[in-house]
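First comes the structure, then the notes that go with it.
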There are 2 protein chains.
Amino acid sequence: MHESSHILKGLKDQGHKFTKVRKLVLDLLIKSPKPLSSPDIQKAFLARKMPVNKTTIYRELAFLKGQGVIRELQFGDNTMRYEVTPDNHHHHIVCINCDKIEDVILEKDLDMEEKAIAQIKNFKILNHSLEFYGICERCQ
Amino acid sequence: MHESSHILKGLKDQGHKFTKVRKLVLDLLIKSPKPLSSPDIQKAFLARKMPVNKTTIYRELAFLKGQGVIRELQFGDNTMRYEVTPDNHHHHIVCINCDKIEDVILEKDLDMEEKAIAQIKNFKILNHSLEFYGICERCQ
DNA sequence: TGACAAACGCAACCGAGTTGCGTTATCATT
DNA sequence: AATGATAACGCAACTCGGTTGCGTTTGTCA
């Protein structure tokens, strides 16, 4: 399991500071079963009677993304969401009715496809986004 | 190849009107080599000295999407883009440097993966989004 | 040609995300 | 423990894609 203190220690060694906001943003993302948006995180701070300016959240997320600690996702609603960079490469399935989100792992990954595309299209492929949309068990 | 008049004729038979805006939006999407955003389309109208209100564009795109004539895509910049619903199921590869977009067709489609996920997760999968990001030939 | 609904324009609005700038808090050093 | 550098933060104002309500225009068909 991920441990925020350990990650923060690593960042600190690189000249970054260990702040309450940074720790809580990271803890929220580590504990959340699904990716969170910036507004989600701001609401979580508010619920804990720790109001934080939205600019701070955006900057913190940009920082953690830049450090490779978290990654950015989008699920079709023009809002960025974030999750701790996973060890196991996975994608997501989103219920278009109740917004439930679950991780899914492909039986065969896309490496071969990427190689083929890179060769045909002469692109250097860096990453990809793959999300599935449907109706979850409860909603169908 | 797609023919806007033919599509519009079909819509007209269902009680919808044949307007200049509708025809041009559709023609633009048919002719464009890459998906277009609502602002893209508004600019194209302006360039032809045919200023159109942005609300009209958004409503027209929502209409055409609802009719299944076009489909909605997103490439990570919080802006919806649209393309004519393709006959051949394809995805896209986006250059993160110059925003060049090309169609790509997978060697193996994701049907088997979808079936496996549907069974394991008990989701009824309706569709998916898959985009590749990288550096195009010119930019690398 | 008249009448009805679809399509349109306009203005005001919403919400995610950004920018500039001044202030505060963390941390290494003394 | 005091100090200074700078990362982190708050605040206000802003940008921009997208939406809503409402009154007006236009395409279509009888």
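Every chain is numbered from 1 and lettered A, B, ... according to where its sequence line falls, protein lines coming before strand lines. What's counted below: heavy atoms across the whole structure, side chains too, no hydrogens, waters or symmetry copies.
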Side chain proximity check, B:Leu130 to A:Leu110, heavy atoms < 4.5 angstrom | yes
Is any side-chain heavy atom of A:Asp103 closer than 4.5 Å to a side-chain heavy atom of A:His92?
-> yes
Protein-nucleotide distance (B:Phe45, atom CZ; C:dC8, atom P), rounded to Å = 8 Å
Nearest of C:dT19, C:dA25, C:dA7 to any side-chain atom of B:Lys17?
-> C:dA7
C:dA7 P sits how many Å from B:Met50 CE, rounded?
-> 16 Å
Nearest whole angstrom, please: distance from the C1' of C:dC14 to the NZ of A:Lys54.
-> 11 Å
Contacted region of DNA chain D by chain B, from 5' end to 3' end of the hits, cut-off under 4.0 Å to heavy atoms, spans D:dG17 to D:dT28
A:Lys23 NZ to C:dT26 C1', straight-line distance once rounded to whole Å = 16 Å
A:His128-A:Glu113 side chain donor-acceptor pair, cut-off 3.5 Å = no
A:Met80 CE - C:dG17 C1' separation (whole Å) = 10 Å
With a 4.0 Å cut-off on heavy atoms, is B:Thr55 in touch with a base, just the backbone sugar-phosphate, or nothing at all?
-> base
Kindly indicate whether the side chain of A:Ile41, heavy atoms from C-beta on, has any atom under 4.5 Å from the side chain of A:Leu29.
-> yes
Can a salt bridge be assigned to the pair B:Lys23 and B:Asp27 using a cut-off of 4.0 Å between side-chain N and carboxylate O?
-> yes
Are any of the side-chain nitrogens in A:Lys9 or A:Asp13 under 4.0 Å away from the carboxylate oxygens of its partner?
-> yes
Over 12 foreign heavy atoms within 6.0 Å of CD, B:Gln119 | no
Kindly compute the distance separating CG (A:Asn127) from CZ (A:Arg71), expressed to the nearest 0.5 Å.
-> 9.0 Å
Residues of residues 34-43 of chain B with a heavy atom under 4.0 Å from any atom of DNA chain D, listed by number, are B:Ser38, B:Pro39
Between C:dA16 atom P and A:Asn78 atom CG, what is the distance in whole Å?
-> 11 Å
Supply the atom-to-atom distance B:Arg59 CZ to B:Asn53 CG, rounded to the nearest 0.5 angstrom.
-> 8.0 Å
Answer yes or no: is there an ion pair linking B:Asp99 with B:Lys34, defined by an N-O contact shorter than 4.0 Å?
-> no
When you measure from every atom of DNA chain D, which of residues 9-16 of chain A have a heavy atom less than 4.0 Å away?
-> A:Gly15, A:His16
Kindly determine whether B:Leu11 and B:Leu64 satisfy side chain to side chain contact (heavy atoms under 4.5 Å, CB included), including the steps that lead there.
-> CA-CA 10 Å; B:Leu11 294 175; B:Leu64 293 173; 4.2 Å; yes
Under 4.0 Å between any heavy atoms, over every strand shown, what does B:Thr19 touch: base, sugar-phosphate, or nothing? Just pick one.
-> sugar-phosphate
